[in-house]
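Since the structure comes first, as structure tokens, the remarks are kept for the end.
So you know, we letter chains A, B, ... as the sequences are listed, proteins then strands, and number each from 1.
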2 protein chains.
Amino acid sequence: MGFDPVAWDTEGTKRRILEAAASEFARYGPDGTTIERIATTAGANKERVYNYFGGKRDLFRRVLRDELATVAQAVPVESFAAVDVGDYAGRVYDYHRERPELNRLMRWEGLAFDGEVPDEALRREYYAAKSAAVSDAQRRGAVTTSIDADHLIFLVLSLAGWWSAVPQVARMFTGEPTEEEHARRRAAVVEAARRVARAP
Amino acid sequence: MGFDPVAWDTEGTKRRILEAAASEFARYGPDGTTIERIATTAGANKERVYNYFGGKRDLFRRVLRDELATVAQAVPVESFAAVDVGDYAGRVYDYHRERPELNRLMRWEGLAFDGEVPDEALRREYYAAKSAAVSDAQRRGAVTTSIDADHLIFLVLSLAGWWSAVPQVARMFTGEPTEEEHARRRAAVVEAARRVARAP
DNA sequence: GTCAAATCCAACCACAACGTTGGAGATGGT
DNA sequence: ACCATCTCCAACGTTGTGGTTGGATTTGAC
């Protein structure tokens with residue numbers, strides 16, 4: 001099944017396995033995903049998966065970690081004194097839309113692994129930076145102080161994230177997510193985020 | 001294993017199976033749940049489950065439908081001209097907290113069954129009633145018109161629901177959900193919902 | 001050209017879960 | 001007291017998946 005006419009391409013194989021794993025895990029979750037399917041999708045076989053990465057759980061964690069590293073770069077965080085909260089929420093909405101994997105992986109994680117979180121320190125740091133971006137803006141009077149910084153940023157993320165958490169409910173509320181509907185949703189998210197953060 | 005000293009208690013068995021199924025499905029999801037475990041938890045055996053309800057999927061749908069019927073009564077919908085949007089959001093947050101099953105089931109549904117939704121007509125009607133409660137308030141000037149009614153109500157539900165969708169993220173943002181922290185989260189949700197809906 | 005090390009593959013084991021089935025036990029009418 | 005009917009249970013067949021292992025193939029150094 002491998003297309004390696006001349007040499008071993010172990011790095012490439014690893015990468016393809018990770019890509020396939022991200023896709024499969026996001027789609028079917030930790031339980032619904034089979035190593036077999038990941039392997040064939042990646043043009044390899046099970047043994048390679050077990051050999052390169054450990055068992056299924058290890059692979060899931062690895063995929064989630066990579067995905068988190070990606071988003072950290074994709075939607076950077078500054079102070080919300082300089083960046084409008086609404087625009088930021090809109091960008092987060094866009095990101096969820098064009099790369100639904102992370103959102104789905106996190107939700108699988110929330111449902112299946114409830115307590116335990118891999119790379120907790122790293123992630124905590126990432127989230128703390130976002131909170132800091134809010135409190136900075138609060139100190140400068142650009143954002144309301146009637147909601148704690150960490151609660152506020154989380155709520156803003158809620159506005160952008162719930163749509164893909166329960167897409168079936170979203171559809172029943174607002175109709176099929178056509179391109180236009182997506183634009184409407186995005187506009188609503190932006191407006192709502194601004195309203196939540198607005199200074200008095 | 002059955003505790004029926006005198007007569008067959010088929011209704012009771014059905015009920016116990018449904019209760020066990022709700023708990024198991026909410027906890028482990030459609031894939032992680034085993035019929036065996038449902039049966040033993042309910043003090044019955046597999047064959048009863050298959051006989052009373054169909055396969056696993058049928059049972060899942062049944063459980064979800066029952067849960068939806070319950071919530072429809074628990075958090076009734078009126079016009080948001082009479083009821084404060086913040087209070088309503090707080091009640092929804094409370095409901096998610098004290099009965100996490102529905103939220104989890106909906107999220108499993110969103111992840112595992114993506115497209116297909118059982119009892120779509122019923123649910124659509126339920127959601128439409130909520131949207132109507134918003135548009136009524138908008139007509140009366142009690143709620144902003146700068147966000148569509150259906151988007152607005154969905155966003156309010158986001159504020160209350162995202163906490164349990166990604167509990168691990170919530171924890172990393174705002175710390176362990178002690179009783180106090182829950183109170184803070186609830187207050188933030190209430191305040192944010194009011195801000196989103198506030199009329200000019 | 002040779003050989004040790006690394007990569008890849010196919011077949012295999014164990015086991016858990018779905019769904020079924022044949023029969024045992026209880027019930028209520030006649 | 002008997003029988004049709006419903007309820008219950010234990011055991012089974014089948015399938016699919018996680019994870020392993022032994023060996024074939026390729027590579028690069030010497």
Side-chain angles (χ1 to χ4, degrees), chain A residues 1-64 105 108-109 111-113 116 118, chain B residues 1-64 108 111-113:
Chain A
M1 205 75 79
F3 285 68
D4 307 320
V6 271
W8 299 129
D9 179 20
T10 88
E11 282 314 307
T13 303
K14 285 185 186 176
R15 193 177 33 74
R16 272 177 301 145
I17 288 176
L18 281 175
E19 280 170 11
S23 165
E24 294 283 321
F25 275 133
R27 189 165 198 73
Y28 303 108
D31 281 341
T33 294
T34 76
I35 301 286
E36 181 71 45
R37 210 166 39 206
I38 290 177
T40 55
T41 301
N45 77 0
K46 282 197 297 183
E47 186 269 342
R48 279 301 88 192
V49 178
Y50 284 104
N51 198 299
Y52 287 150
F53 317 93
K56 200 201 258 193
R57 257 176 128 87
D58 300 312
L59 184 54
F60 184 87
R61 292 170 180 219
R62 169 62 185 273
V63 165
L64 184 52
L105 288 170
W108 284 117
E109 183 189 38
L111 281 170
F113 301 151
E116 29 168 344
Chain B
M1 204 74 79
F3 284 69
D4 306 320
V6 270
W8 300 129
D9 178 18
T10 88
E11 281 315 306
T13 303
K14 285 185 185 175
R15 192 177 35 74
R16 272 176 302 142
I17 288 176
L18 282 175
E19 280 171 11
S23 165
E24 294 284 321
F25 275 132
R27 190 166 198 71
Y28 303 106
D31 281 339
T33 293
T34 76
I35 301 285
E36 181 72 45
R37 211 166 39 205
I38 290 177
T40 54
T41 302
N45 78 359
K46 281 196 298 181
E47 185 270 344
R48 280 300 89 193
V49 179
Y50 284 104
N51 198 301
Y52 287 149
F53 317 93
K56 200 199 258 194
R57 256 174 128 87
D58 301 313
L59 184 55
F60 184 88
R61 293 170 179 217
R62 170 63 184 273
V63 165
L64 184 52
W108 284 118
L111 281 170
F113 301 150

Can you tell me how far P of C:dA17 sits from CZ of B:R37, to the nearest Å?
7 Å
The residue, A:P30 or B:N51, whose nearest nucleotide of DNA chain D is more 5′ is B:N51
Between C1' on C:dG19 and CZ on B:R48, what's the gap in Å once rounded to a whole number?
14 Å
Does the side chain of B:K56 get closer than 4.0 angstrom to OP1 or OP2 of C:dG19 through an N or O atom?
no
Just the rounded figure in Å: distance from C1' of C:dT7 to NZ of A:K14.
11 Å
State whether A:Y52 places a side-chain N or O below 4.0 Å from either non-bridging phosphate oxygen (OP1 or OP2) of C:dT7.
no
Any cation-pi pair here, A:R62 with A:Y52, using under 6.0 Å and within 45°?
no
Starting at CD of A:E47 and ending at P of D:dG18, how long is that distance when rounded to a whole Å?
15 Å
Note: A:R15-A:E11 ion pair, threshold 4.0 Å (strictly below)
no
Side-chain donor or acceptor of A:S23 paired with backbone N/O of A:E19 under 3.5 Å:
no
May I ask you to check if A:R61 and A:F53 form a cation-pi contact, with NZ or CZ under 6.0 angstrom from the six-membered ring centre and within 45° of the axis?
no
Using whole Å, report how far CZ of A:F53 lies from P of C:dT7.
13 Å
To the nearest angstrom, how far is B:I35 atom CD1 from D:dC9 atom C1'?
17 Å
Heavy atoms only, 4.0 Å cut-off, all strands: where does A:K46 land among base, sugar-phosphate and nothing?
base
Short side-chain N/O contact from B:Y50 to OP1 or OP2 of C:dT21, under 4.0 Å:
no
Can you tell me how far P of D:dG16 sits from CG of B:D31, to the nearest Å?
14 Å
Taking CG from A:N45 and C1' from C:dC8, how many angstroms apart are they, rounded to a whole number?
7 Å
